[in-house]
Amino acid sequence: MCVSKLTMMLVLLLVTKLVQITSNGLLQLTNETVQQTGHAFHTNPIVLTNTSSFSTTFVFAIRPVTSPASGHGMAFVISPTKAFPSATAGPYLGLFNITNNADPTNHVFAVELDIIQSSEFDDIDGNHVGIDINGLKSMEYASAGYYVNGFQFRNLSLKSGLPMQVWVDYDGGETQINVTLAPINANKPETPLLTLHQDLSQVLTNSSYVGFSSSTSATLIASHYVLGWSFQLNGKAQNLDASKLPKLPPLKRKRSMILLIVLPLLSLCLIIFVSLLVVCYIKKKRKFSEIVEDWEQNYGPHRFKYKDLYFATKGFKEKELLGSGGFGKVYKGTMPGSKIEVAVKKVSHDSQQGMREFIAEIVSIGHLRHRNLVSLLGYCRRKGELLLVYEFMPNGSLDKYLHNQPSITLNWMQRFKIIKGVALGLCYLHEEWEQVVIHRDIKASNVMLDSNFNGRLGDFGLARLYDHEVDPATTHVAGTLGYVAPETMRTGRATTKSDVFAFGAFLLEVGCGRRPIERGREDEILADWVYGLWKKGQIMKAMDQALGRDYNEEEAELVLRLGLLCSSSKAEERPSMRQVVQYLNREVLLPDLLSLMSSPSCFGFTFETNTEFDVTMSFPSSSGDGTHIPISESLLSKDR
Ligand SMILES: *[C@@H]1O[C@H](CO)[C@@H](O)[C@H](O)[C@H]1NC(C)=O
Ligand SMILES: *[C@@H]1O[C@H](CO)[C@@H](O)[C@H](O)[C@H]1NC(C)=O
Ligand SMILES: *[C@@H]1O[C@H](CO)[C@@H](O)[C@H](O)[C@H]1NC(C)=O
């Protein structure tokens, strides 16, 4: 009798209910269920005589399900019965139970492929092959493996999941059993793994069934497969063609290990990496974020990129700080690419309201071009921050050369040139441009000096930014005490005449080298002091001591007297900027002050507040005479 292929066995085998034959002809003895036994036997019994021999070979595979230990084993069986109803699973391999194990009336011969070391059967290890007669305590056993070249032992792992081939040969004449194991695709080793001298006719009944048995336990599970089998009574079993054997199912456990550990780890790494990228991107985005609205498209060239300004000023480093005050900090910068030097003013503001109008004004002021004005090159807007980009003035602001014992003082020629320049610049703002622009904060610290020590007015228009933070109808401007005209104090309105007043204070400041108001001095108000000296006919005594006698007396007296005239408490008595320019150029003679000016007491200021304060003022209207929008009366003191 010969069963050559398991596909053929499909019809021939008695398949107990737990055994499955997969669609491709694979015999699966157990199916990953706990406490399971699986049996598969040839339907018909073989008939044995005293001298019968047999030869069989089969290919099996054991796939562990539980890890690290899995179980139990499987066995090739010759038995008087195909059914084992009272046999136990687990170590009993579905063949015996605790009472009938090793009972000679069992008449069972088996070759076990055991992957669990069961101490009750004196197993040598958890990976052995054994010849069993009537019980699980093997008559002969060895660790799984095979011999190459007759003596070199190579061990094999039964539960590797890989297919392996077993040969069981019984010679009835010699009463010798040989069991040989080899990996699939290897030739049958010449030296068997196990040899046992045993007369099987003493063990087996005349009519016996051949087949397989396997089991799992409550905790140890494996899948047992038979891929192919052939059996020959009194002859040599037919060889199995490895290429024609059914394929084992793919190793899903191994893959799920990959899925379970490697993949989540990989995806975690990926997620971390991606989120890091995103965080970096957002940080960078936020670092360089700006506010750009549609309407700003019109201001194309005036709009700067924050990133460029950031790099230009080396990240707004303290080292690049040119000064702070006024409306914010000013940093020196070098534009990337063009290498143009700029001054970047960082103005913090909170409101969005009125920003559009303000930017429009900033940009229109940016169109002002005069050699005595600092050009506004453009702006950039961020959340809570406005950046204004100005031409860089290498010599800084004028006040540095006048006050606090400067290391460099300016001679009279330089001072007079600066005065004339500032007068021209202011005249341009008041009378020559298409709109009247009121500067509102003329003082030495707002006069910048270019490389040729020309005076250039800077910082105009910024007051508008603060305008919009309160009622749009009211506007705030920063004035500096000592420069703010008395009527502006009362009404809060800035006019061209209030600019002239501030210019007067500036003239005296440059001439005398003193601030308009100096605390702690007997004569703290500069204008009052100069006025007093003038009354006594000693006006030249007011000149800056640092100049010594090294100045043009005519020009110096003109500057001081013009300073007094501009400082008149009555707006109508002050000249216009055009007249100021004419006086300075000596095209027109300065009128006699006495005939013009009102009482000297009008020079006084009574405010005992900070030297700098904000007063609500208006922005220039387009009409030339300085009429203004009504504004609030509040005198706001601002932290700057
Ligand atoms: C194993 O076989 C039993 C009986 O046929 C069945 O109830 C069970 O669902 C099977 N388990 C698996 C994992 O295939
Ligand atoms: C063991 O098996 C034998 C024979 O099949 C049966 O008579 C006996 O009752 C079984 N013992 C147990 C404990 O199941
Ligand atoms: C092979 O045999 C050696 C020595 O006995 C042993 O250490 C090793 O674990 C064995 N390998 C397998 C796969 O059984």
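When a residue number appears, it is its place in the shown sequence, counting from 1. For ligands, and for the atoms within them, numbers begin at 1 and follow the listed sequence.
Relative to atom 8 (C) of ligand 2, the option among Thr81, Asn100, Asn97 with the closest non-hydrogen atom is Asn97.
The side-chain contact (heavy atoms from CB on, under 4.5 Å) with Ile78 is formed by just one residue from the set Phe41, Tyr170, Tyr209, Phe54; it is Phe54.
Of the protein's heavy atoms, Ser86 OG, 4.8 Å lies nearest to atom 7 (O) of ligand 2. Of the protein's heavy atoms, Thr99 OG1, 4.0 Å lies nearest to atom 13 (C) of ligand 2.
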Fill in: side chain to side chain contact (heavy atoms under 4.5 Å, CB included) between Val179 and Ile131, intermediate numbers included
CA-CA 8 Å; Val179 175; Ile131 300 174; 3.8 Å; yes

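Cation-pi check for Lys332 over Phe392 is met; the charged atom lies under 6.0 angstrom from the ring centroid and within 45 degrees of its normal. A cation-pi contact, defined as under 6.0 Å to the ring centre and within 45° of the axis, is absent between Lys345 and Tyr331.
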